[in-house]
Amino acid sequence: MKHSTSHSTRRGRGPAHRIGRSLALVLPVVLVLSGTLAVAQVNWSGSPSHSMLTASDTVAAGAPARSGSRPPQDVLRDQLLAELQEKDPGVVLTHLQQAVNGRPSLARHCASIARTLGRAAANIYGPTRAQSYARPVCDTAYASGVQAANN
């Protein structure tokens, strides 16, 4: 009985094995490099920079500019309320989430802004339609704002 030693008949030594081996070597390097680059681009200082998303970047360009002396959460809330007059609450909630993601210092104000948006949306669209836009932005604050407008 003779055993074959050619590469084409050996189990696991075909082209798929070579590709898998190459990926096993290259993929971790690519993942580490991409993760390192992502972390390097984050502004860890907490001060706004041109590469960071600011509250004013997240809303329509047609929103009026406000004084720089107002707290950023008030400016954001007013911009989102103005945007709610022109766009549906789903778009506005997306912009709220983007603003909080881009500027983490706004996170502690997210729930109150979302509740305010919920109350305003209930006044504009009615409670049932406004509730249909609810999603887990800032937990359930938007939905509780819609509910508060009904009481």
Side-chain angles (χ1 to χ4, degrees), residues 1-66 68-121 125 129-147:
M1 181 176 228
K2 188 174 183 184
H3 294 289
S4 174
T5 59
S6 73
H7 287 287
S8 62
T9 60
R10 286 177 114 183
R11 188 176 207 176
R13 298 287 183 197
H17 179 75
R18 286 191 299 274
I19 292 171
R21 228 173 140 181
S22 297
L23 282 175
L25 294 172
V26 173
L27 194 57
V29 173
V30 170
L31 290 173
V32 168
L33 287 175
S34 64
T36 303
L37 291 173
V39 169
Q41 291 180 353
V42 173
N43 180 0
W44 296 102
S45 69
S47 62
S49 71
H50 296 293
S51 65
M52 295 287 289
L53 180 68
T54 63
S56 61
D57 293 335
T58 62
V59 294
R66 303 288 178 155
S69 63
R70 295 182 57 216
Q73 67 271 14
D74 292 349
V75 173
L76 176 63
R77 183 196 61 234
D78 292 348
Q79 288 174 338
L80 293 174
L81 285 169
E83 185 178 17
L84 188 61
Q85 302 297 320
E86 300 171 7
K87 298 180 180 168
D88 69 66
V91 172
V92 177
L93 288 172
T94 297
H95 291 158
L96 172 60
Q97 187 66 55
Q98 289 171 343
V100 170
N101 290 345
R103 197 164 179 186
S105 63
L106 291 170
R108 66 178 166 214
H109 305 287
C110 187
S112 72
I113 293 171
R115 264 191 301 279
T116 301
L117 292 172
R119 284 192 291 271
Y125 294 98
R129 186 166 174 215
Q131 191 65 38
S132 71
Y133 291 102
R135 60 174 108 145
V137 174
C138 309
D139 296 324
T140 57
Y142 172 82
S144 69
V146 171
Q147 182 63 31

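No experiment lies behind these values; they were computed from the predicted model shown.
Separation of atoms CG (Asp88) and CD (Glu83) is listed at 9.5 Å; rounding is to 0.5 Å. Note that the CD atom of Gln97 and the SG atom of Cys110 stand 6.0 Å from one another [nearest 0.5 Å].
Shown here for His109 and Ser112, the closest heavy-atom pair between the two residues is O-OG, 3.1 Å. Among all heavy-atom pairs drawn from Leu81 and Ala120, the shortest one is CD2-CB, 3.6 Å. Considering all non-hydrogen atoms of both residues, Leu80 and His95 come closest at CD2-CB, 3.9 Å. Residues Val146 and Gly118 come closest through the heavy atom pair CG2-O, 3.4 Å.
A donor-acceptor contact under 3.5 angstrom links the side chains of Arg135 and Thr94, judged on distance only.
At a threshold of 4.5 Å between non-hydrogen side-chain atoms, the residues Asp78 and Arg70 count as touching. Using a 4.5 Å cut-off on side-chain heavy atoms (C-beta onward), Arg119 and Arg115 make contact. Looking only at side-chain heavy atoms (C-beta outward), Leu117 and Pro89 stay at 4.5 Å or farther from each other. Taking the side chain as every heavy atom from C-beta outward, Leu76 and Leu96 approach each other to under 4.5 Å.
Side chain of Tyr142 to main chain of Ala130: a donor-acceptor pair is present (N/O by atom type, distance under 3.5 Å, no hydrogens or angles).
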